[in-house]
Number of protein chains: 2
Amino acid sequence: MTLAEENYLKAIYHLENQSSNDVSTNALAEEMQTKASSVTDMIKKLAEKNMVSYIPYQGVSLSKAGRAYAVKVVRKHRLWEVFLLEKLNFSWDEVHDVAEQLEHIKSEKLTDKLDEFLGFPKVDPHGDPIPDKDGNFEKIDKTSLADAKEGSTYLCVGVDDSSNDFLKYLDANHISLGTTIKIIHKEPFDNSVKIKFNNVELVVSENVAKNLFLTAV
Amino acid sequence: MTLAEENYLKAIYHLENQSSNDVSTNALAEEMQTKASSVTDMIKKLAEKNMVSYIPYQGVSLSKAGRAYAVKVVRKHRLWEVFLLEKLNFSWDEVHDVAEQLEHIKSEKLTDKLDEFLGFPKVDPHGDPIPDKDGNFEKIDKTSLADAKEGSTYLCVGVDDSSNDFLKYLDANHISLGTTIKIIHKEPFDNSVKIKFNNVELVVSENVAKNLFLTAV
DNA sequence: AAGATTATTTAGATTTGTCTAAACTTTTAA
DNA sequence: TTAAAAGTTTAGACAAATCTAAATAATCTT
């Protein structure tokens, strides 16, 4: 598997987890920041390698082998994120770009030794589960802040949008994994949410609310 | 710089350190395990980028920028080797292939944080010096076992041939960095050397002797 | 259900890094 | 001091991954 192929598998995996339909060419092009025609070419190659099943005009979905491969890449990505944050003291918004590179290093031994070195972490710094050596992982039950109940208290367990700007926003406002958040008020007019944490009140936009994941306490 | 370009720079750097002449196309082809014509193509590209100076039929040499770049790659390679050996408990012969991949990760922050995490090591597991952030490193004075004086005692500080087979041979015979070695006898007939370390005597071939580096105690 | 719009694929071109085979330099050796 | 050998470069081709533009299929609209 080349670097480009790995990135496509990861992107398909990601999109499959967002809706239960087959992944469309355009959606994949958007995710990969490339053109639809390039996507068609690559999909055909992956289909030849039996990593995806593909019906022209119908979209693409991962085969068993393709999913297993994608999970391995995801495992590596998330392990490296933990390493960068915990061992090298990277900040939340800095880990992603470097992990994007490190996830392609090919050495099962490296991955497993790294896992061990980190103490077999179950989740990464964004709150996403880390698959184990066999590709198994716990589904973490989380609701977005946008879906949270007024008056209830939650724990921040993850973020969806991994853009630097969003992570910097969270850093700047001192929201991180493990922060306890109480929902003070949900404003129906613009779907903004007033929350309270560390004895500070903050109003966040709908956009932020949708990308911040919580679990009930 | 692409991955291929980085590998060429590193190879040229390596060859420049073995003899003071310009690096020939064939030597580079041998080092890169590729064809001379491919080398010529790549050299031209590197010359365009001012990473090497190149005169057709005369060979190639690194420019200042090229050398600085090569040293950065070498720095990363050697830091990762230390990481793999010290933190992840890889064995001597396993580190090289993985470090070959890791050395291409592009993030100055990662390199410097890794350096710090490892305690700013001065040498890698093969006894080669690790350049600091500014590319400076101490020249380590070492003689090969083949050139060592009969009767003298030395410290093992490095290896030249990084082939797996050689490293496995050393592992199997319990020779590692830091091993104290006394030269018992040099056999003029076949240039083999009888050495003593950890109270064990061992005869090594000329080939081994040439690839094992020592420093006087 | 036909035309318009949107989504997708195909055809042909481009870049990177490689190759083989042929041409050309340089070096070696008679 | 030339002819052969060795070393190097050029020309032309190829695979990977991408692009633009054109063609084709699917879906929406009325």
Side-chain angles (χ1 to χ4, degrees), chain A residues 1-16 18-62 66 69-70 73 100-101 103-104 106, chain B residues 1-16 18-62 66 69-70 73 100-101 103-104 106:
Chain A
M1 288 286 114
T2 67
L3 197 145
E5 288 169 347
E6 289 190 352
N7 282 331
Y8 271 90
L9 289 182
K10 203 180 55 149
I12 297 167
Y13 179 77
H14 193 221
L15 292 172
E16 277 192 348
Q18 305 205 316
S19 84
S20 51
N21 303 319
D22 279 6
V23 173
S24 76
T25 303
N26 264 2
L28 199 42
E30 165 69 22
E31 178 81 13
M32 292 294 298
Q33 297 280 47
T34 186
K35 298 294 146 110
S37 56
S38 308
V39 170
T40 304
D41 287 346
M42 181 54 92
I43 282 174
K44 282 194 212 156
K45 195 151 55 117
L46 290 173
E48 292 251 313
K49 294 192 176 186
N50 292 311
M51 301 305 270
V52 300
S53 58
Y54 163 58
I55 306 165
Y57 296 102
Q58 302 281 117
V60 72
S61 63
L62 290 171
Y69 200 104
V73 176
E100 285 285 297
Q101 298 178 63
E103 73 188 3
H104 299 291
K106 287 177 174 57
Chain B
M1 289 286 116
T2 67
L3 196 144
E5 288 168 348
E6 288 190 354
N7 282 330
Y8 271 91
L9 289 182
K10 203 179 55 145
I12 298 166
Y13 179 78
H14 193 220
L15 292 172
E16 278 192 347
Q18 306 208 313
S19 84
S20 52
N21 302 319
D22 279 6
V23 173
S24 76
T25 302
N26 264 2
L28 198 42
E30 166 68 22
E31 178 81 12
M32 293 292 299
Q33 296 280 46
T34 188
K35 299 294 145 110
S37 55
S38 309
V39 170
T40 304
D41 288 346
M42 179 55 91
I43 283 173
K44 283 194 213 155
K45 195 150 55 114
L46 290 173
E48 291 253 312
K49 293 191 176 188
N50 293 311
M51 301 305 271
V52 300
S53 59
Y54 164 59
I55 305 164
Y57 297 100
Q58 303 281 118
V60 72
S61 62
L62 290 171
Y69 200 104
V73 176
E100 284 287 295
Q101 297 178 64
E103 73 189 5
H104 299 291
K106 286 177 175 58

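Treat the numbers as computed from the prediction; the structure is a model and nothing was measured. In what follows, chains are A, B, ... by sequence order, proteins preceding strands, each numbered from 1.
Residue B:V39 is the one, among B:V39 and A:A4, whose nearest nucleotide of DNA chain D lies closer to the 5' end (criterion: closest heavy atom).
B:L3 places its CG atom 15 Å from the C1' atom of D:dA16, with the value rounded to the nearest Å. If you measure from atom CG of A:L28 to atom P of C:dT9, you get 11 Å, rounded to the nearest angstrom. Taking atom CD of A:E5 as the reference point, atom C1' of D:dA15 lies 12 Å away to the nearest angstrom. In this structure, the CD1 atom of A:I43 is 11 Å from the P atom of C:dT10, given to the nearest Å. One interatomic measurement links the two molecules: CE of A:M1 to P of D:dA16, which rounds to 12 Å at whole-angstrom precision. To the nearest angstrom, C1' of C:dT16 lies 14 Å from CG of B:N7. One atom, CD of B:Q58, and another, C1' of C:dT25, lie 10 Å apart when rounded to the nearest Å. Atoms CD1 (A:I55) and P (D:dT24) sit 22 Å apart, rounded to a whole Å.
Residue B:N26 places at least one side-chain N or O closer than 4.0 Å to OP1 or OP2 of D:dT8. The phosphate of C:dC19 (OP1 or OP2) has a side-chain N or O of B:T34 nearer than 4.0 angstrom. A close approach under 4.0 Å does not occur between any side-chain nitrogen or oxygen of B:K35 and OP1 or OP2 of C:dT18. Using a 4.0 Å cut-off, no side-chain N or O of B:K44 falls inside it from OP1 or OP2 of D:dT9. Using a 4.0 Å cut-off, no side-chain N or O of A:S37 falls inside it from OP1 or OP2 of D:dC19. In this model, the phosphate group of D:dT8 is not approached by any side-chain N or O of B:T40 to a distance below 4.0 Å at OP1 or OP2. Residue A:Y57 places none of its side-chain N or O atoms closer than 4.0 Å to OP1 or OP2 of C:dT6. Using a 4.0 Å cut-off, some side-chain N or O of A:Y54 falls inside it from OP1 or OP2 of C:dT9.
Residue A:T25 is in sugar-phosphate contact alone, with no base atom involved, counting any heavy-atom pair closer than 4.0 Å across all strands shown.
A:E16 places a side-chain N or O within donor-acceptor distance of the main-chain N or O of A:L62, the cut-off being under 3.5 Å. Judged by distance alone, the side chain of B:T40 and the main-chain N or O of B:A36 form a donor-acceptor pair under 3.5 Å.
Inter-residue side-chain proximity for B:E5 and B:K49 is flagged as met; some heavy-atom pair is nearer than 4.5 Å. Here the side chains of B:Y13 and B:V23 are not in contact, with every heavy-atom distance at 4.5 Å or above.
In the set C:dT9, D:dT8, C:dT18, D:dT8 carries the atom at the smallest distance from any side-chain atom of B:S24.
Heavy atoms of other residues, nucleotides or ligands lying less than 6.0 angstrom from CD of A:E30 number 12 at most.
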